[in-house]
Amino acid sequence: MFGMFKNSLFGNTEETEYKLLSSETKDGVSFEVRRYDAAKFAAVSSEGRTFDQVTGELMRKLLMYIGGSNEQGKAMGTAAPIIMTVYPRNDGVFSRRLVVAIRIPTSYQQEAPTPTDSAIRIEERPGMTVYALQFGGFAGESEYRAEALRLTRTLGETAPFQRKQYFCCSYDPLKPYGRRNEVWFLQEEP
């Protein structure tokens, strides 16, 4: 447990690199189009509980894993963002299915330590292009939903992005103030 907090509060955070394709403002809303490379992630999922009920628990599992709770006892440092994949219903409310993931830090991409928690799986995720909207503060389901609606309205009905899922990102979940959050929509590839 201490390793999780030590890495998160005192260690360096490795932010996932991306290529900025464009930075745009429409109707007073600024967003970016980014390209992320394929990478290994540690992921854990939940079904049956709401976003607000389960996100803290799932984030802690991942932070403990990268903090040293793995078979090799390796404290890998902190990576950002923590990415929560949500599946909205037609009314915008999140379904009770959630996947929370964190990118394995670069120095462990070739050989990720084995999780001791059987709920955590290591997965190779493909590269992706996203529309990203940044906002601050404490973010729960209602804040992410509001920002997703704002991005949807800004992009318009014809924008080529997936509507069955999107990503809610937290860059610093342990900070008491000055938090950075983002909503990412996965651009559909032509």
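Both backbone and side-chain heavy atoms feed into the values below; hydrogens, waters and symmetry mates do not.
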If the condition is side chain to side chain contact (heavy atoms under 4.5 Å, CB included), which residues does [X] pass it with, not counting sequence neighbours?
X: Asp172; answer: Lys175, Arg179, Arg180
X: Thr106; answer: Glu14, Arg103
X: Thr55; answer: Phe51, Met84, Leu98
X: Ala159; answer: Leu155, Phe161

Which residues pass the salt bridge (charged side-chain N to carboxylate O under 4.0 Å, His left out) test with [X], not counting sequence neighbours?
X: Arg150; value: Glu147
X: Arg34; value: Glu32, Glu182
X: Glu57; value: Arg49

Checklist entry - Under the ring-ring contact (aromatic ring centres under 6.0 Å, His included) test, which residues partner Tyr36, sequence neighbours left out? => result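 With sequence neighbours excluded, Tyr36 shows a ring-ring contact (aromatic ring centres under 6.0 Å, His included) to Tyr18, Trp184, given in chain and number order.
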Checklist entry - Which residues pass the ring-ring contact (aromatic ring centres under 6.0 Å, His included) test with Phe31, sequence neighbours left out? => result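 For Phe31 there are no ring-ring contact (aromatic ring centres under 6.0 Å, His included) partners, ignoring immediate neighbours.
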Checklist entry - Counting only heavy atoms not in Glu15, do more than 12 fall under 6.0 Å of its CD? => result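 Yes.
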Check residues 114-121 and write down every donor-acceptor pair under 3.5 Å in which the side-chain atom is one partner and the other belongs to a residue at least two apart or another chain.
{"unit_1": "Thr116", "atom_1": "OG1", "unit_2": "Ser69", "atom_2": "O", "d": "3.3"}
{"unit_1": "Asp117", "atom_1": "OD1", "unit_2": "Ala119", "atom_2": "N", "d": "2.9"}
{"unit_1": "Asp117", "atom_1": "OD2", "unit_2": "Lys61", "atom_2": "NZ", "d": "3.0"}
{"unit_1": "Arg121", "atom_1": "NE", "unit_2": "Glu123", "atom_2": "OE1", "d": "3.2"}

Show the atom names and distances, to 0.1 Å, of all donor-acceptor pairs under 3.5 Å that link a side chain in residues 128-139 to residues at least two apart or in another chain.
{"unit_1": "Thr129", "atom_1": "OG1", "unit_2": "Arg35", "atom_2": "NH1", "d": "3.0"}
{"unit_1": "Tyr131", "atom_1": "OH", "unit_2": "Gln187", "atom_2": "NE2", "d": "3.1"}

Item to check | Set of residues satisfying side chain to side chain donor-acceptor pair (under 3.5 Å) with respect to Gln162, sequence neighbours excluded | outcome: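 In terms of side chain to side chain donor-acceptor pair (under 3.5 Å), with neighbours along the sequence ignored, Gln162 is linked to Gln165.
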